[in-house]
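Just so you know, these numbers come straight off a predicted model, no measurement behind them.
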Amino acid sequence: MKKAFLIPLLALSGLCTQAAELDLDVQGLSAGSGQLLVAVFGAEGWLRQPIAASRQDASAQQGGALRVLLKNVPEGLVGVSVIHDLNGNGRLDMNAMGMPQEPTAFSNNAVGQFGPPRFEQAAFELKGEGARLTIKLN
């Protein structure tokens, strides 16, 4: 009877992922107004379903830079998206052509052509010791 209980328990333990800290130094804030929207994505939910997120008041920036610490981010291959939401409406504003009207940035300084970058361009491996990244807003 104990073996029957142990097998499902071992199977579930494989589903548990370790968590790490992600320390971001976001540079290039042009104004101290609005908020900074930071999201971490896995490959499956790239730019749709964040696995970790943070909102920071942009007035806390100093010299155009703001440090954001995300805790308990699942380890693995991840990509980061940053938006300086200048008007504080909680979303990225776009013009009629679909071009961003607010500063954005991605991990690895990834830049897309005719849209956001692909996950592979922004992806990096987040491990138990965590990571520190510098991201510059465009």
Side chains of [X] and [Y]: closer than 4.5 Å at any heavy-atom pair?
X	Y	answer
Asp25	Leu133	no
Pro103	Asn138	no
Leu47	Ser81	yes
Leu29	Gln61	yes
His84	Glu102	no
Asn109	Val111	no
Leu24	Val38	yes

Taking the side chain from [X] and the backbone from [Y], do they hold a donor-acceptor pair closer than 3.5 Å?
X	Y	result
Asp85	Gly90	yes
Ser107	Gly79	no
Glu75	Gly128	yes
Asn108	Ala122	yes

Report task. List the atom of Leu86, the atom of Ala31, and the distance in Å for their closest heavy-atom pair. Result ->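 Of all heavy-atom pairs spanning Leu86 and Ala31, the closest is CD2-CB, 4.4 Å.
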
Query raised in the report: What closest approach, in Å, do Ser33 and Ala58 show between heavy atoms, and which atom pair accounts for it?
Result: O-CB, 3.3 Å

Path from [X] to [Y] over hydrophobic side-chain contacts below 4.5 Å:
X	Y	result
Val40	Leu77	no
Leu69	Val82	no
Leu66	Leu92	no
Val80	Phe106	no

Report task. Please determine which of Ile135, Leu37, Ile83 meets the side-chain contact (heavy atoms from CB on, under 4.5 Å) test together with Thr104. Result -> Ile83

Query raised in the report: Aromatic rings Trp46 and Phe41: how do their planes relate, parallel, tilted or perpendicular, breaks at 30° and 60°?
Result: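 It falls in the perpendicular class, over 60°.
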
Requested in this report: Would you please say whether a donor-acceptor pair under 3.5 Å links the side chains of Asn95 and Gln101?
Outcome: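 No, Gln101 and Asn95 have no side-chain donor paired with an acceptor closer than 3.5 Å.
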
Query raised in the report: From Gln56 CD over to Arg67 CZ, what is the distance, rounded to the nearest 0.5 angstrom?
Result: 11.0 Å

**Report entry** Whether over 12 other heavy atoms sit under 6.0 Å from Gln113 CD
**Finding:**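 No - once you tally the heavy atoms of other residues, nucleotides and ligands closer than 6.0 Å, there are 12 at most.
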
